[in-house]
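Report on the structure given below.
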There are 2 protein chains.
Amino acid sequence: MTEASSTEAAKARRSDATRAAILTAARERFAADGYERATIRAIAADANIDPSMVMRYYGNKEKLFAAAAEFDLRLPDLTGVPRDEIGARLTGHLVDRWEHDDTLMALLRAAVTNQAAAERMRRLFAAQLGPVVTALVADPAEAPVRAGLIATQALGFALTRYVLCLPPVVALDRAAVVAWLGPTIQRYLAGERAE
Amino acid sequence: MTEASSTEAAKARRSDATRAAILTAARERFAADGYERATIRAIAADANIDPSMVMRYYGNKEKLFAAAAEFDLRLPDLTGVPRDEIGARLTGHLVDRWEHDDTLMALLRAAVTNQAAAERMRRLFAAQLGPVVTALVADPAEAPVRAGLIATQALGFALTRYVLCLPPVVALDRAAVVAWLGPTIQRYLAGERAE
DNA sequence: ACTGTAGGCCAACACCTGTTGACATGTCGA
DNA sequence: TCGACATGTCAACAGGTGTTGGCCTACAGT
């Protein structure tokens, strides 16, 4: 055995490093180029292996993307936070997630032209943002709309800052982003309903 | 002469109909599929002509896109509107533009994976939204940031509703969109600065 | 009626894509 | 030591892409 444990079924394979390298390269390429322009060949070259290895380990491009786009927003528990600070906290957290992880970017860029990626994005927000909003909102029936509106502003910010790179939006520092967007998120979360 | 005027230099060529058909088909394809998945062959098939015609009339794919993505937001003059209604008016107008014209969609879908399209999007907002915001804002130095923030919310709404199709956002009717997003735009436009 | 030319089609090119199978190498248990 | 299996490389495939040039056809101006 090359690893510590002796009786465990999950032994560390020698190929795990390669698998990880492929996944990292895939995330970077998908994030930078989108689904169709990110080629298996380019990903393999980045990972310093042959394109056929990608196929052996992940089956096909679709499955490779599915593996590379696995993502957890890691939303914090906000039930204890003072009500009027929630918007700012949520905004700050989302900015941090965008800045330090390629995965969301890969998902966003791909989702615009790829149906499967779009479906994944929908599930991500429904499964991860949905519950958090439901727990914070007075009337649970309003939760989906409010979560949707938050997605509107969060994704719009990411789109203009990281993808389209509109200069004034790129220029904002973290504090400014929280100060401007925080109240918007706050209103979508807890403001009086507007329908 | 086939047309009314006799001495005019701009005579209507027989190919004008074809040119227009190509442009319409191109807009639809770019809007539905994005830049790389919208193929010249598919566009030509939609326009019922040969792919080589597209090349003859527009040179190459890049120039075809440039011609198809020509867009005017047609922002109304808002200087006479009561200050607290401006956000709602602007929001309503933008929704209408999105709903009745493929071009913005083509631009958005392409801009996510195509540098030239992204640059075009930046120019669109700088040249068309910028001046309107400058005219409405107290301190002209704040105009770019405020226009950027508006872009953030406007594009985020379009992204989630028309591209990603998040169900709760798709379900909103026009009045609900204006009621929810109007105040946000209003605050970005005229609210106290938050930096 | 004749002819030049604009409008249109066809076939092909060079290239790139995802994907596959055959083959070499190295590692580890028996 | 030997053989089984994991790891990796190479070359090729079938199909799709933007793009090009040659050829046909029908109409406009004389």
Side-chain angles (χ1 to χ4, degrees), chain A residues 1-23 25-26 29-30 32-68 110 113-117, chain B residues 1-23 25-26 29-30 32-68 110 113-117:
Chain A
M1 286 287 156
T2 57
E3 283 303 314
S5 62
S6 57
T7 56
E8 253 167 295
K11 46 189 168 187
R13 281 169 300 189
R14 202 160 38 97
S15 62
D16 287 351
T18 306
R19 288 183 130 90
I22 294 174
L23 227 48
R29 283 284 175 178
F30 282 129
D33 299 338
Y35 188 81
E36 19 274 333
R37 292 190 44 200
T39 69
I40 301 269
R41 283 171 159 88
I43 292 167
D46 287 0
N48 276 96
I49 45 109
D50 191 87
S52 61
M53 286 276 94
V54 178
M55 308 304 293
R56 184 176 309 184
Y57 288 143
Y58 293 96
N60 58 30
K61 190 178 182 178
E62 212 175 318
K63 290 184 199 164
L64 170 65
F65 177 80
T113 49
N114 183 277
Q115 274 304 316
Chain B
M1 287 286 159
T2 58
E3 284 303 314
S5 62
S6 57
T7 55
E8 252 166 292
K11 46 189 167 185
R13 281 170 300 189
R14 204 161 32 100
S15 62
D16 285 351
T18 305
R19 288 185 130 89
I22 293 174
L23 226 49
R29 283 285 175 178
F30 283 129
D33 300 338
Y35 188 81
E36 20 273 333
R37 293 190 42 199
T39 69
I40 302 268
R41 284 171 160 88
I43 292 168
D46 287 1
N48 277 97
I49 45 106
D50 190 88
S52 61
M53 287 278 92
V54 178
M55 308 304 294
R56 180 173 312 179
Y57 289 143
Y58 292 96
N60 57 30
K61 190 178 182 179
E62 212 175 318
K63 289 186 200 162
L64 170 64
F65 177 80
T113 48
N114 184 276
Q115 274 305 318

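A note on names: the letters A, B, ... follow the listed sequences, proteins ahead of strands, and every chain is numbered from 1. As the structure is a prediction and not an experimental result, all values here were calculated from the model.
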*asked:* Do A:Ile49 and A:Val54 make a side-chain contact, defined as non-hydrogen atoms from C-beta onward lying under 4.5 Å apart?
replied: yes

*Say whether A:Glu36 and B:Thr113, considering side chains only, have a donor N or O and an acceptor N or O under 3.5 Å apart.*
no

*Residues from residues 38-46 of chain A sitting under 4.0 Å of DNA chain C, heavy atoms only?*
A:Ala38, A:Thr39, A:Ile40, A:Arg41

*For atom CG of A:Asn60 and atom C1' of C:dT19, their distance in whole Å*: 9 Å

*asked:* For B:Tyr58, give me all partners under ring-ring contact (aromatic ring centres under 6.0 Å, His included), at least two apart in sequence or on another chain.
replied: none

_How many whole angstroms separate atom NZ of A:Lys63 from atom C1' of C:dT19?_
13 Å

*May I ask you to decide if the ring planes of A:Phe30 and A:Tyr35 are parallel, tilted or perpendicular, using 30° and 60° as cut-offs?*
parallel

_If I take atom CZ in residue A:Arg37 and atom P in nucleotide C:dT17, what distance separates them, rounded to the nearest angstrom?_
11 Å

*Does the side chain of B:Asp46 reach to within under 4.5 Å of the side chain of B:Ile22, using non-hydrogen atoms?*
no

Contacts under 3.5 Å, N or O only, protein and nucleotides 3-7 of chain D:
| residue | atom | partner | partner atom | Å |
| --- | --- | --- | --- | --- |
| D:dT7 | OP1 | A:Arg14 | N | 3.4 |
| D:dT7 | OP1 | A:Ser15 | N | 3.0 |
| D:dT7 | OP1 | A:Ser15 | OG | 3.2 |
| D:dT7 | OP2 | A:Ser15 | OG | 3.4 |

*Ignoring hydrogens and angles, tell me if any N or O in the side chain of A:Thr39 forms a donor-acceptor pair with the backbone of A:Ala42 under 3.5 Å.*
yes

*asked:* How many whole angstroms separate atom CE of A:Met55 from atom P of C:dG21?
replied: 11 Å

*To the nearest 0.5 Å, what is the distance between CZ (A:Arg41) and CD1 (A:Ile43)?*
12.0 Å

*Take the protein atom CD of A:Glu36 and the nucleotide atom C1' of C:dC16, then report the distance between them rounded to whole Å.*
15 Å

_Nearest-angstrom distance from the residue atom CD1 of B:Ile49 to P of D:dT19_ = 14 Å

*Roughly how far, to the nearest 0.5 Å, is CG of A:Leu23 from OH of A:Tyr57?*
13.0 Å

*For the pair made of CG in B:Asp50 and C1' in D:dT20, what is the distance, rounded to whole Å?*
12 Å

